[in-house]
Amino acid sequence: MNIISTHDHRLVVLSVFISILAAYAARALSERVSVARGRAWLIWLVCGATVDGIGTWSMHYTGMLAFRLPFPVLYDWPTVLLSLLVGISGSAGALFVLSRVRTGWLRVLAASIVMGGVGISVCITLLWRRCGCKACNTTLTGS
């Protein structure tokens with residue numbers, strides 16, 4: 001069975017724009033995390049992780065909304081929020097590792113592994129997408 005799909009190019013462009021904007025904001029906030037100390041460090045870490053996590057999450061969801069299928073695709077809200085929290089947590093872990101005074105190869109490797117949380121949030125989203133067709137439902141449930 002062939003399923004014909006399309007992309008809304010306006011949403012694809014918006015997704016790329018969101019990604020660039022979020023990366024710029026996260027980069028600017030990561031510099032503040034690196035120089036802050038004490039309570040200010042924690043505040044900048046939480047803000048930077050939240051901005052980066054929401055930016056990445058928004059970019060992915062906008063990209064998925066750009067993908068048009070000939071049947072309805074719905075998302076489970078608890079799973080959507082879970083994917084957001086996992087993305088923010090992954091960003092927080094990476095910012096934590098990279099905010100140390102010295103950043104060697106081991107720390108960069110650790111931050112890369114922690115950033116896998118962002119990838120996990122996308123997988124969570126894709127796995128729990130609700131499709132209005134038998135082919136999609138059987139793929140997800142295995143029946």
Side-chain angles (χ1 to χ4, degrees), residues 3-101 103-143:
I3 298 175
I4 298 171
S5 62
T6 60
H7 285 87
D8 182 340
H9 298 291
R10 295 169 298 173
L11 286 177
V12 171
V13 170
L14 179 61
S15 177
V16 170
F17 178 73
I18 289 170
S19 176
I20 292 168
L21 190 63
Y24 176 78
R27 173 74 174 116
L29 289 171
S30 72
E31 291 174 0
R32 295 187 186 255
V33 171
S34 296
V35 298
R37 298 289 176 257
R39 185 177 171 98
W41 174 83
L42 181 61
I43 292 169
W44 282 116
L45 178 72
V46 169
C47 290
T50 303
V51 166
D52 190 37
I54 289 174
T56 304
W57 178 83
S58 299
M59 179 265 308
H60 283 118
Y61 270 92
T62 304
M64 289 189 307
L65 289 173
F67 186 59
R68 303 283 186 204
L69 293 168
F71 47 83
V73 177
L74 306 172
Y75 297 94
D76 182 50
W77 276 106
T79 307
V80 169
L81 293 177
L82 175 65
S83 70
L84 174 62
L85 293 176
V86 169
I88 291 172
S89 300
S91 296
L95 274 176
F96 174 78
V97 170
L98 293 176
S99 69
R100 308 312 316 134
V101 175
T103 305
W105 284 104
L106 287 176
R107 289 182 191 259
V108 171
L109 179 62
S112 299
I113 291 169
V114 170
M115 238 356 235
V118 174
I120 291 170
S121 73
V122 175
C123 291
I124 289 169
T125 302
L126 292 175
L127 286 174
W128 292 102
R129 182 168 46 183
R130 313 284 179 169
C131 298
C133 74
K134 184 68 174 167
C136 203
N137 288 333
T138 58
T139 303
L140 292 178
T141 61
S143 54

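Note that the numbering runs from 1 along the sequence shown for the chain.
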### Task
Can you tell me which residue pairs pass the side-chain hydrogen bond (donor to acceptor under 3.5 Å, both in side chains) test with a partner in residues 7-22, sequence neighbours excluded?
Asp8-Arg10, Asp8-Arg68
### Pairs flagged by side-chain hydrogen bond (donor to acceptor under 3.5 Å, both in side chains) wherever residues 40-50 is involved - sequence neighbours left out
Trp41-Ser99
### Task
Would you name the heavy atoms of Ala49 and Ser91 that are closest together and state the gap between them?
O-CB, 3.7 Å
### Closest heavy-atom pair and its distance - Ala26, Val51
N-CG1, 4.5 Å
So, taking the atom named [atom1] in [X] and the one named [atom2] in [Y], what distance separates them when rounded to the nearest 0.5 Å?
X     : Y     : atom1 : atom2 : value
Met59 : Ile20 : CE    : CD1   : 10.5 Å
Asp52 : Cys47 : CG    : SG    : 12.5 Å
Thr6  : Leu69 : OG1   : CG    : 8.0 Å
Thr62 : Leu14 : OG1   : CG    : 5.0 Å
Leu84 : Ser58 : CG    : OG    : 8.0 Å

#### Entry: Ala66: partners by side-chain contact (heavy atoms from CB on, under 4.5 Å), with sequence neighbours left out
Leu11, Val12
### Message
Suppose we screen for salt bridge (Lys or Arg N to Asp or Glu O under 4.0 Å). Which residues come up paired with Arg32, at least two apart in sequence or across chains?
### Response
none
### Query
Going by the salt bridge (charged side-chain N to carboxylate O under 4.0 Å, His left out) test, which pairs reach into residues 54-66, not counting sequence neighbours?
none
### Message
Val80 vs Trp57, test: side chain to side chain contact (heavy atoms under 4.5 Å, CB included). Steps then yes/no.
### Response
CA-CA 9 Å; Val80 169; Trp57 178 83; 3.3 Å; yes
